[in-house]
Amino acid sequence: MKHIWYKLPCKQNELQLLGTLNGGQSFRWKKICDEQKEQWLGVFFNKVWILQQENDHILYKVHETKLNELEDEMSYNNLLRSYFQLHVNIEKLYEEWSTADPYFKEAAKQFYGIRILKQDIVENIFSFICSSNNHITRISSMVEKLATFYGEEICEIDGEKYYAFPKVNLLAQQSVEEKLRTNGFGYRAKYISKTAQHIMDSGGEKWIDKLQTMSYEEAKKELMLLTGIGAKVADCICLMSLNHLHAIPVDTHIYQIAKRLYMPKLPDKKTVTEKIYNDIGDHFRDLYGPLAGWAHTVLFCADLKKFQGNNTENSSSGNLRKKSKSKK
DNA sequence: CGGTAGCCTGTGTG
DNA sequence: ACACACAGGCTAC
């Protein structure tokens, strides 16, 4: 087992680990603390990664199975560049979005360097099926369960085993629904099982490959054929796995933000109807342009409860949350 | 067709 | 302690 620290050159303004890894895009990253230094442990590309933010670079370690070992800093750096999509220069985009939108400018103070991750398609399909009508903490535990039950073991660190995200054929097994039911997945157990079977019946790997060649509209429609995937989940997958950066997933948070700050005339509904969904997406696409989904993710982060620390006293903290009334 | 009740269950809030 | 609302929605009416 290696203990080498590698170095990926990258400015903080181009990548903020905290907001990017903890912002509800990916459910497999956890914060670990080592000598007061904030580190992030997560799994992607069948490897366990430990990342640490520095001023002008990211320090990282990699754990993987002997079979897959690359042992080459350049190869690892390329995997990270691809995962974080570092070819996209966001400092410049942030300037454009800030010019177009004062609320974005406000959010950007705290949430600089937020990136859309380029995540594995299969992992995102099943992770975001879990996300429906659910809390992030619970979603994370469900994704972890899927990996533990059906994923290949990658390695063991400090007595804890880590698993890759499962292959679709294993999730398509007959026994899956019942197993997930008894493990607290609720009605999503059936969605996962049926979706895995649908993908296998549609050609498995071939279906995935084809999905990647489709336009945004085609891919979204194709994804919505799967049980448990509606417009919102399909947009999450389009945005975070298929490189359709103008897809805008509209959830209750975005609906609330849109109604409060951008589109006050939106009807007051309990659930987002199809028309409201499309109107909100169009509004943000008009406002932010071709990478609107990316900008939207910054707004989403700014509204997440977990980022509302004790720094909400003044208006320069960057959060867009409605101020809670202070008790007198 | 647009709208909405019902769904599993953990977590946060009072 | 012990409800009770509500989660980054979707399906089926």
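By convention in this document, chain letters (A, B, ...) are assigned in the order of the sequence lines, proteins followed by strands, and residues within each chain are numbered from 1.
Put simply, A/Arg188 has no side-chain N or O that comes within less than 4.0 Å of OP1 or OP2 on C/dC10. Within the structure, a side-chain polar atom (N or O) of A/His253 is placed less than 4.0 Å from OP1 or OP2 of C/dG8.
The side chain of A/Asn133 approaches B/dC8 more closely than any other nucleotide in the set C/dC10, C/dG8, B/dC8. If you check C/dG8, C/dG9, B/dT11 against the side chain of A/Met240, the one that comes closest is C/dG8. The nucleotide whose nearest atom lies closest to any side-chain atom of A/Ser131 is, among C/dG8, C/dC10, B/dC7, C/dG8. Comparing C/dG8, B/dG3, C/dT11 by their closest approach to the side chain of A/Thr273 singles out B/dG3. Counting only heavy atoms from C-beta on, A/Arg138 has its side chain closest to B/dT9 among C/dG9, B/dT9, B/dG3. Residue A/Tyr191 places its side chain closer to C/dT11 than to any other of C/dG8, C/dT11, B/dC8. Considering only the side chain of A/His135, B/dG10 comes nearest among B/dG3, B/dG10, C/dG9.
Checked against the 6.0 Å centroid threshold, A/Tyr162 and A/His63 do not count as a close aromatic pair.
B/dG2 sits 28 Å from C/dG8 when the P atoms are compared, rounded to a whole Å. Here the separation of C/dT11 from B/dG10, taken at their P atoms, is 22 Å to the nearest Å.
In this structure, A/Ile116 atom CD1 and C/dG8 atom P are separated by 17 Å, rounded to whole Å. A/Asp235 places its CG atom 13 Å from the P atom of C/dG9, with the value rounded to the nearest Å. Summarising the geometry, the separation between CZ on A/Phe128 and C1' on C/dA7 is reported as 15 Å, rounded to the nearest angstrom. A straight line from CG of A/Asn183 to P of B/dC8 spans 16 Å, rounded to a whole angstrom. The distance from atom CG of A/Leu225 to atom P of C/dT11 is 10 Å, rounded to the nearest whole Å. A/Ile129 has its CD1 atom 12 Å from the C1' atom of C/dG9, to the nearest Å. Atom CG of A/Leu304 and atom C1' of C/dA7 are 12 Å apart (whole Å). Distance, A/Lys190 NZ to B/dT9 P: 13 Å, rounded to whole Å.
In the displayed structure, A/Lys259 atom NZ is contacted under 6.0 Å by more than 12 heavy atoms of other residues, nucleotides or ligands. Around the CD atom of A/Glu54, the shell of radius 6.0 Å holds more than 12 heavy atoms that belong to other residues, nucleotides or ligands.
When each of A/Gly228 and A/Ile136 is assigned the nucleotide of DNA chain C with its nearest heavy atom, A/Ile136 is the one assigned upstream, toward the 5' end. Each of A/Ile139 and A/Lys194 was assigned the nucleotide of DNA chain C with the nearest heavy atom; the assignment lying further toward the 5' end belongs to A/Ile139.
Across every strand in view, C/dG8 sits unpaired, with no contact that passes the Watson-Crick or G-U test at under 3.5 angstrom. The nucleotide C/dA3 finds its pairing partner in B/dT13, both defining distances of the Watson-Crick or G-U wobble pair being shorter than 3.5 Å. Across the strands present, B/dC8 finds no partner; the criterion is a Watson-Crick or G-U wobble pair with both atom distances under 3.5 angstrom.
Side-chain to base pairing of A/Tyr187 with C/dG9: one donor and one acceptor N or O lie within less than 3.5 Å of each other. Between the side chain of A/Lys232 and the base of C/dG8, a donor-acceptor pair under 3.5 Å is found.
Relative ring orientation between A/Tyr83 and A/Phe44 is described as parallel, the plane-to-plane angle staying below 30° on a 0-90° scale split at 30° and 60°. Using bins of under 30°, 30° to 60° and over 60° for the plane-to-plane angle, the ring pair A/Tyr94/A/Phe104 lands in the perpendicular bin. In this pair, A/Phe284 and A/Tyr262 present their aromatic rings perpendicular. The plane angle is above 60°, beyond the 30 to 60° band.
At the heavy-atom level, A/Leu226 lies under 4.0 Å from the strands shown only through sugar-phosphate atoms. Nucleic acid contact for A/Ile229: sugar-phosphate only, since backbone atoms but no base atoms lie under 4.0 Å from a heavy atom of the residue. Residue contacts shown for A/Val233 are limited to sugar-phosphate atoms, with no base heavy atom under 4.0 Å away. Counting any heavy atom pair closer than 4.0 Å across all strands shown, A/Gln25 reaches a base atom. A/Thr227 comes within 4.0 angstrom of the backbone, heavy atoms only, and of no base.
Note: A/Ser140 OG to A/Lys30 NZ = 11.0 Å, rounded to the nearest 0.5 Å.
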